[in-house]
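The sequence lines fix the lettering, A, B, ..., with proteins before strands; numbering per chain opens at 1. Bear in mind the structure is a predicted one, so any value in this text is a computation, not a measurement.
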Amino acid sequence: MTQSVVVQVGQCGNQVGCRFWDLALREHSHVNKKGIYDEALSSFFRNVDSRLMSSLQAVLVDMEEGVVNEILQGPLRELFDSTQLITDVSGSGNNWAVGHWTYGSAYREQIVDQLRRAAEHCDCLQCFFLIHSMGGGTGSGLGTCVLKLLEEEFPEVCRIVTSVYPSAEDDVVTSPYNSVLAMRELTEHADCVLPVENQSLVDIVNKIKHMSHSGKPGSVIKKDSAIISGQGGVSGAEKPFDAMNNIVANLLLNITSSARFEGSLNMDLNEIAMNLVPFPRLHYLVPSLTPLYTLADVNIPTRRLDQMFTDAFSKDHQLIRADPKHSLYLACALMVRGNVQVSDLRRNIERLKPMLPFVSWNQEGWKTGLCSVPPVGHSHSLLALANNTCVKSTFMELRDRFTKLYRKKAHMHHYLHVDGMEQGCFTEAISSLSSLIEEYSQLDATKDRLMPDAARLNIAT
Amino acid sequence: MSIVTVQLGQCGNQVGQELFEVISNDANDTQRKVYSECSSERFFNETANRELVARSVLIDMEPKVISQSIAKTAKSGKWRYGDRSHFSQKQGSGNNWANGYCVHGPRHEEVVMDIVRREVEHCDCLAGIVAMMSVAGGTGSGVGTYVTQCLRDAYPNSFILNHLTWPYGTGEVIVQNYNSVLTLSHLYQLSDAILVHENDTVHKICAQLMNIKHISFRDVNKVIAHQLGSVLQPALTGDSHGIYNRNPIGELMSSLVCHPEYKLLSVCNIPQVSSSSMAYSMFTWPGLLKHLRQMLIANSKMEEGIDWQVRAPSLQPEGIKRTGSHRRPGFNTSLANLLILRGKDVNNAEISGFQHPSLYTPWLPADEAFSMWKTPVPFNKYEKSAILVSNSQTLLRPLDNMVGKAWNMFASRAYIHQYTKFGISEEDFLDSFTSLEQCTSAADSVVVAWRSSEPWS
């Protein structure tokens, strides 16, 4: 069995990360009522000799103490070793440069040490998961610095990053700067990025609340559904971002399910990068998750199962606001959990294929995985990861917001004061984003054209 | 004479296990002692306490499949794998041929070849090595190719037969066409013969002939194992004088692989029915052979849905030349065929339909292009069964499709960085494409030249 290490950076990263551990624990204890250490648990939980509860393979980084302290005082404290936590006091002031350059150099050694220690505890390290947000200072700046460190120190280990993008109405004025500066690092140093937009999470949460209050018959939200509620988990009462963080945590839960549980068609994490990333920089995968709005009906007949596949390709279930159906798919992965057979998978792929435009050289670009253990409270679930050119629009919006600020040179002095930061960083970052958008556009241009098959080699006979 | 199997990757190991199951059941089933003993000797090593240990080496880059296999067979009590005959790692090859071939292969070469050597030493006399793998993933394809190379170097005078499983056309692995092209281009140089099963074809057999509703990989693997077993189990060759042939792989190759450029072989098997229908089925040799012959020339892999309109081209009295140069649509020309008959009344079977020159290219006279083995011992509960191993055009179209799709992807250089980071270059890709295009075009031109009565080079 392979292991992964989760590195959570910044306030958002740590909050989402802890939600993830909470749900993972709940999933495993559900499957394994005796709480005995087993194969699947080893995937994330380090077994320390004399302790009954195992430690997690995690590294937690934050430059202010609030969130991490809460973790240390909360019920998850048993699970973390204090050496896994790297903290400072004053925070990054929502300044990417402070996070990346100032704290990056100050804590570099400590972070590398901690990463090495986590890696040594792994029999076979397959993947690093980085969780962070793009709009702030620590998650965005220090997080991308950690990403660079991961590439330097562990070049052969896959790096999958879950990045939370700010919405347009974000209360952090400089979030466009932070996001674009971070984007450049993600494009250069990550193997795969799962972008998540706050706005989409808000929309989903609102819809769920609306459905549970509307009293529509048949639309009862299951009480112990892990999708939006932390109820039944280890932590206590709900806080403002909790519901949204839960959704992102579920994303991670599903993507790692194949590594944690058995299935008839396992999908290793390194296979995800291999199959979904045809060009090194185009590694932004649109995540969509179902079910999000659960129904009370437990015995789901085939129709409902097929509905799950259809839902995965509807805009309501995506974690970023984009329109994949009108853009071009480069590749798509389907990770199914629960009692689903290969024949169900194939049937649904055949059904959905005509509606989804795939690039000419990858008409059969589907990668599939089957895990037999469903999430708690559900009989099936499906995570779709699409490498689709529609992410271009998200990036274009981001670029616009950046340009509005940059034109007036607003707030830039905060950044340029920081040691290591120069004007060039800004121009390089925006140019990297622009060329990324251009690459997606070029592929888009092939979309409606009938691409002839490439001329085959001519062999002299 | 004994055969050593090398099972590579998830598919190789799963199919391999089903193969030994079929063989062990078949050998135990029969009342013919000589057949049983020959089969046991060929595939199993009997230990001091009368246990049957498969002559097999299990290789995978991740542990789950092998450990499941070993546990399952140990439980069954009929036969088992050797305690030290397996090798696995933890990480897998990530569906990447280059990872398998350039990294895992060389890294573990010594250990793997050690295990193979031990297994070979257990044989009194080695008839050949059968390497089993798929071409779509990373380990079977990449490590499998590397291991085949090592086997070729270590045993230059032994016969090496590669059994390949080709993936579903609609795929489970996006880069499967790359992995397949890289594998086949190398194996063409290294292997003595390549026997292919296509998942799509076997899937249809499961669905239409065996009436299985929710087809699993296990069902597919069982059919492959049945067909492969029916080829490798003991049989009498024309000149073997009542003794089971001691050199099955060598004989297979000398019958079928008449030219080093044409070594892709396919298998056809009749009848193939669900176990519940078997009790109600009555087969006659004329019926079976008529269907099998039509399956050959109409390029059908099943006894259902055969196109009976396809006919062999008529020949002028001189035998070879024909007027008109149009291709006869749907007709599958053979370079060589091996017919294996197993079961009751086998000596009464009329096989002349397979010897007609119209079925073959003019390279070899028809009586040299056609060979037959038989045994009165029925195989795997089928009272009569007929197996055809062909070196024909059958695999050319699927191969061409595979190369075409891979080439389209390569034209955009999609996914190439995933391979180059492990050590193979764009040049290597081009070499592979070139070598496969040469194979298909050569095979094609033989037939075209014949049809158009032009001399061919």
Side-chain angles (χ1 to χ4, degrees), chain A residues 1-3 39 122-126 155-156 158 191 262 264-282 330-333 341-346 349-350 353 359-369 443 446 451-461, chain B residues 10 62-65 68 89-96 99 103 137-138 168-177 203 213-218 400 403-419 421 430 433-442 444-445 449 456-457:
Chain A
M1 198 133 231
T2 56
Q3 289 83 34
E39 260 288 293
C122 297
D123 249 341
C124 181
L125 176 59
Q126 183 166 76
E156 291 173 5
C158 192
D191 287 312
E262 298 277 288
S264 60
L265 195 56
N266 284 331
M267 197 192 297
D268 255 353
L269 292 163
N270 55 2
E271 288 173 18
I272 294 180
M274 174 63 185
N275 283 285
L276 291 180
V277 182
F279 304 105
R281 285 153 50 90
L282 306 187
L330 301 179
C332 186
Q341 306 301 333
V342 179
S343 40
D344 297 315
L345 251 182
R346 301 190 90 80
I349 292 180
E350 287 306 307
K353 237 171 45 174
V359 72
S360 65
W361 41 259
N362 209 1
Q363 291 287 314
E364 285 127 10
W366 295 90
K367 170 70 182 155
T368 52
L443 281 167
T446 67
M451 299 300 286
D453 283 340
R456 297 277 288 273
L457 291 172
N458 255 321
I459 305 295
T461 33
Chain B
Q10 176 171 20
E62 61 115 9
K64 291 190 289 265
V65 179
Q68 275 168 11
Q89 289 291 275
K90 309 210 184 188
Q91 173 79 287
S93 302
N95 293 163
N96 189 324
N99 194 2
V103 178
Y168 288 101
T170 51
E172 309 112 40
V173 174
I174 295 182
V175 290
Q176 64 188 42
N177 295 312
H203 188 105
K213 290 278 179 294
H214 296 287
I215 298 169
S216 65
F217 275 120
R218 184 132 195 264
D400 194 59
V403 175
K405 286 190 206 163
W407 183 247
N408 260 337
M409 213 182 246
F410 182 71
S412 313
R413 295 297 184 273
Y415 298 104
I416 297 298
H417 71 284
Q418 306 272 15
Y419 289 85
K421 77 180 176 197
L430 275 174
F433 279 111
T434 311
S435 109
L436 281 187
E437 294 280 14
Q438 271 171 339
C439 294
T440 46
S441 109
D444 229 26
S445 71
W456 40 272
S457 50

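With sequence neighbours left out, A/Asp191 forms a side-chain hydrogen bond (donor to acceptor under 3.5 Å, both in side chains) with no residue at all. The ring pair (Phe, Tyr, Trp, His ring centres under 6.0 Å) search around B/Tyr419 returns B/Tyr178, B/Phe429, not counting sequence neighbours.
In this structure, B/Lys90 NZ and A/Leu125 CG are separated by 12.5 Å, a value rounded to the nearest 0.5 Å. How far CG of A/Asn275 is from CD of B/Gln418: 8.5 Å, rounded to the nearest 0.5 Å. From B/Glu62, atom CD reaches atom CD of A/Gln126 across 9.5 Å, with rounding to the nearest 0.5 Å.
In plain terms, the two heavy atoms of A/Ala331 and B/Tyr415 that are nearest each other are CB-OH, 3.5 Å. Taking both residues in full, the closest heavy atoms of B/Asp400 and A/Arg456 are given as OD1-NH2, 2.9 Å, listed atom of the first, atom of the second, then distance. Shortest non-hydrogen contact noted between A/Phe279 and B/Ser412 is CE2-O, 3.1 Å. Between A/Cys124 and B/Gln91, the closest heavy-atom pair is SG-CB, 3.9 Å. Of all heavy-atom pairs between B/His417 and A/Val277, the closest is CE1-O, 3.1 Å.
If you measure heavy-atom distances from A/Leu345 to chain B, you find no contacts under 4.5 Å at all. Residue contact with chain B, scored on non-hydrogen atoms closer than 4.5 Å, involves the side chain of A/Glu350 exclusively.
Taking chain B as the reference chain and counting heavy-atom pairs below 4.5 Å, the highest number among A/Pro280, A/Ala333, A/Ala273, A/Gly365 is found for A/Pro280. Contact tally against chain A (heavy-atom pairs below 4.5 Å) for B/Val403, B/Ile416, B/Ile215: the top residue is B/Val403. When each of B/Ala406, B/Ala411, B/Gly94, B/Ser93 is scored by its heavy-atom pairs under 4.5 Å with chain A, the top score falls to B/Gly94.
In this structure a side-chain-to-backbone donor-acceptor pair under 3.5 Å is missing from B/Asn95 to A/Glu271.
At a threshold of 4.5 Å between non-hydrogen side-chain atoms, the residues B/Asn99 and A/Met274 do not count as touching. Residues B/Gln176 and A/Glu364 are not in side-chain contact: their nearest non-hydrogen atoms beyond the backbone lie 4.5 Å or more apart.
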